[in-house]
Trainee: 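Can you read through this structure? Questions will come right after.
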Amino acid sequence: MAKTNKDARPKARLPKGLRDIEAAELRAQNAMLDKIRGVYERYGFEPLETPAFEYTDALGKFLPDRDRPNEGVFSLQDEDEQWLSLRYDLTAPLARYVAQNFQTLTKPFRRYAVGRVWRNEKPGPGRFREFMQFDADTVGTDSVAADAEMCILAADTMEALGFERGEYVIKVSNRNVLDGTLEVIGVTDRRQQLAVLRAMDKLDRLGIEGVRELLGPGRRDESGDFTRGAGLTSEQVTIVLHQLEAAYDEKTTFDNKVQENLSSSRLRNEGLSELVEMRRIYTSAGYDDGQILINFGVVRGLEYYTGPVFEADITLDVKDEKGRPVRFGSVGGGGRYDDLVARFTGQKVPATGFSLGVSRLQAALTALGRTGSAAVGPVIVTVMEKEHIADYQKLVQTLRSSGIRAELYLGNPKKFGKQLEYADKRGSPCVVIQGSDEREKGEVTLKDLIEGAKAAAAIKDNKEWKETRPAQVSVKESDLVSEVRKILARHKS
RNA sequence: GCCGCCUUAGCUCAGGUGGUUAGAGCGCUAGAUUGUGGAUCUAGAGGUCCCCCGUUCAAGUCGGGGAGGCGGUACCA
């Protein structure tokens, strides 16, 4: 290789918020995806894959008087100077797909999709700039049964991923209820409306008093930073908080709460009766308030939800490696979005969906210490005599064709100890050894590395260690496969 | 974006008030042991002390600016 100017060499580094996913984590992720896919398939959703990037306007991002399309998305320009953006979720591409293929799709259209999405935001714990989502959506029905189904799908998925009842909760609210509240307190200014909704969204994190401050004049946090409030009067604040707290009072049944909250707002009554109907459906399907819970603090994204909204939360305390509590946020969410396809076609197409944040969920599982055990490595066939390397490769192939994960030692075979060290680091269950001694007898030596490691614990002296050669047997070469299988079976757990 | 803390070997971290060749543990490489993992012992490699500017006879240490990381907060379709 040519000498390069040291200063001209690129630095090997990763952009912030992006990460490499190595073997153990990748295997765990694939296992998760299989479980989620199993649930979604069982519910009758069909798979669909769309590209990583789309035209920026198709994603719902327009180009205002700016050089760059909206911050928050990664964008690039095509050779015809049209703006493209990496998708920031899987719902916007779905809306584009449905609009484009509306004539031929069977409605209601039910599809699931899994893939990476990108957001150009500040990364944090459980927040990445590239992460994976797993979505299910039903397009073309306004039935609340579809919304209720999303909630039970979410609950089933969490349980398929190993969460017990009580370790997660699917929280449900309805955008119409929230908008109705705004109507009742007479807030019509859009900016003030948004401020009220954002404040309500923070109930879980800041508690009722924090929300009270944010609804009123504002709140100063522990870092000394001040957040401006929504500026409501104390009467308005009381009404909003009363509604928020409704879901938190476990002594009264939900239906009583709904009665209490009925008011002059037609919107709100509509939203409440939708929630009652949804609850009737998932309760009759066997799901209780421990799994799916009405909670008016659920707001979700402000832009496109039009009816029921829900989110999946882990209720366990998550701690980082130093034992400090970590706030992960919700691991999934969704809701009804009736206007998304209409953006393209002008025709209103009701839709509802659920999106699971696979990366965040996995980060939480890792922090909870619920990571799977390490995978068993391959059987290593060692090289005792270089000139017989073809024979060793044949042994490897014999194992492989019997479905056993195996490989030939491809490093420098000069030092035999190195080969065992390599096998040990790879997590091999056993190695295959054949030197001239074994070859003359038509045998191979199998060394059980897991058994051997246990035996090693009792041995202090190196001489003894070498002479005992723990946990190894010589077997006929023709019995290679069956004998290796015996060792593998011994360590299968 | 705003506020706070942090940045010294591959990793985790020591280095009162500025003062020679910047250290430890773990890891890595080699040997003791040329057909056997672990343990032990020995030796070795590995550093622009995040970057730039300034103060000073002298900066890892002090000042200013910047970058990166972590946490909080805001935003989050």
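The chains referred to below are lettered A, B, ... by the order of the sequence lines, with proteins before strands, and numbering in each begins at 1. A quick note: this is a predicted structure, and the numbers were derived from the prediction, not measured.
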Trainee: Rounding to a whole Å, what distance do you find between A:Glu385:CD and B:G35:C1'?
Mentor: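 Nearest whole value for this atom pair: 10 Å.
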Trainee: With a 3.5 angstrom cut-off on both distances, give the Watson-Crick or G-U wobble partner of B:G68, or none if there isn't one.
Mentor: B:C6
Trainee: Heavy atoms under 4.0 Å, any strand shown: does A:Gln419 hit a base, just sugar-phosphate, or nothing?
Mentor: nothing
Trainee: Base, sugar-phosphate alone, or nothing: which one does A:Gln434 contact when heavy atoms must sit under 4.0 Å apart?
Mentor: nothing
Trainee: Of the candidate nucleotides B:A74, B:U36, B:A77, which contains the atom at the shortest distance from the side chain of A:Tyr304?
Mentor: B:A77
Trainee: Fit a plane to each ring of A:Tyr337 and A:Tyr304, take the angle between them on a 0 to 90° scale, and name the class: parallel (under 30°), tilted (30 to 60°) or perpendicular (over 60°).
Mentor: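 Geometry flag for A:Tyr304 against A:Tyr337: perpendicular rings.
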Trainee: Go through B:C76, B:G37, B:A74 for me and flag the one nearest to the A:Arg127 side chain.
Mentor: B:C76
Trainee: Starting from P on B:U73, measure out to NZ on A:Lys202 and report it in whole angstrom.
Mentor: 10 Å
Trainee: Answer with base, sugar-phosphate or nothing: what part of the nucleic acid does A:Asp201 contact at a heavy-atom distance below 4.0 Å?
Mentor: nothing
Trainee: Identify whether a stacking contact exists between A:Tyr88 and B:A77, where the ring centres must be under 5.5 Å apart and the planes under 30° apart.
Mentor: yes
Trainee: Below 4.5 Å, heavy atoms only, C-beta onward: do A:Leu446 and A:Ile487 meet side chain to side chain?
Mentor: yes
Trainee: Do the side-chain N or O atoms of A:Arg205 get closer than 4.0 angstrom to the phosphate oxygens (OP1, OP2) of B:A74?
Mentor: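 For B:A74, OP1/OP2 do have a side-chain N/O of A:Arg205 under 4.0 Å.
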Trainee: Figure out the NZ/C1' separation between A:Lys441 and B:G35, and round it to whole Å.
Mentor: 13 Å
Trainee: Checking base pairs now: Watson-Crick or wobble, both atom distances under 3.5 Å. What partners B:G63?
Mentor: B:C53
Trainee: Should B:G1 form a Watson-Crick or G-U wobble pair with both distances under 3.5 Å, which nucleotide is its partner?
Mentor: B:U73
Trainee: With A:Arg119 as the cation and A:Phe131 as the aromatic partner, state whether NZ or CZ is under 6.0 Å from the six-membered ring centre and within 45° of the axis.
Mentor: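 Judged by the rule, A:Arg119 and A:Phe131 form no cation-pi pair.
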Trainee: Going by an N to O cut-off under 4.0 Å, is there a salt bridge joining A:Glu149 and A:Arg110?
Mentor: yes
Trainee: Look at the side chain of A:Glu121 and decide which nucleotide, out of B:G35, B:A77, B:G38, has an atom nearest to it.
Mentor: B:A77
Trainee: Without swapping roles, check the side chain of A:Asp189 against the backbone of A:Gln192 for a donor-acceptor pair under 3.5 Å.
Mentor: yes
Trainee: Provide, to the nearest angstrom, the distance between the CG atom belonging to A:Asp437 and the P atom belonging to B:G35.
Mentor: 12 Å
Trainee: Looking at the side chain of A:Phe416, which of B:U36, B:G38, B:G72 is the nearest nucleotide?
Mentor: B:U36
Trainee: If pairing requires Watson-Crick or G-U wobble contacts with both distances under 3.5 Å, which nucleotide is the partner of B:A43?
Mentor: B:U29
Trainee: Across the strands shown, which category fits A:Ser436 at heavy-atom distances under 4.0 angstrom: base, sugar-phosphate, nothing?
Mentor: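 Base, at least one base atom sits under 4.0 Å.
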Trainee: Expressed in angstrom and rounded to an integer, what is the separation of A:Arg198 atom CZ from B:C76 atom P?
Mentor: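 From A:Arg198 CZ to B:C76 P: 4 Å.
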Trainee: Please pick, from B:G38, B:C2, B:U36, the nucleotide with the shortest atom-to-atom distance to any side-chain atom of A:Gln472.
Mentor: B:U36
Trainee: Could you tell me the separation between the CG atom of A:Leu420 and the C1' atom of B:G38, rounded to a whole number of Å?
Mentor: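 Between C1' of B:G38 and CG of A:Leu420: 11 Å.
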Trainee: B:U34 P sits how many Å from A:Lys414 NZ, rounded?
Mentor: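 Those two atoms, NZ and P, are 12 Å apart.
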Trainee: Are A:Glu311 and A:Arg300 within salt-bridge range, i.e. N to O under 4.0 Å?
Mentor: yes
Trainee: What nucleotide, of B:A77, B:G37, B:C75, holds the atom closest to the side chain of A:Asp424?
Mentor: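 So the nucleotide nearest the side chain must be B:G37.
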Trainee: Please determine, for B:G37, whether a Watson-Crick or G-U wobble partner exists with both distances under 3.5 Å, and give it or none.
Mentor: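 Matched B:G37 with nothing under the 3.5 Å cut-off.
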Trainee: To the nearest 0.5 Å, tell me how far A:Leu90 CG sits from A:Arg111 CZ.
Mentor: 6.5 Å
Trainee: Could you let me know what B:A22 is paired to, Watson-Crick or G-U wobble, both distances under 3.5 Å, or none if it's on its own?
Mentor: none
Trainee: State which of B:G71, B:G37, B:G35 makes the closest approach to the side chain of A:Glu421.
Mentor: B:G37
Trainee: Considering only heavy atoms and no angle criterion, is a donor-acceptor pair shorter than 3.5 Å present between the side chain of A:Lys415 and the base of B:G35?
Mentor: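 Counting by modelled atom types and ignoring angles, no donor-acceptor contact under 3.5 Å is found here.
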Trainee: I want to verify a distance call: between B:U73, B:G35, B:G37, whose nearest atom is closest to the A:Lys122 side chain?
Mentor: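 Between B:U73, B:G35, B:G37, the one nearest the side chain of A:Lys122 would be B:U73.
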Trainee: How many Å lie between NZ on A:Lys425 and C1' on B:G37, as a whole number?
Mentor: 10 Å
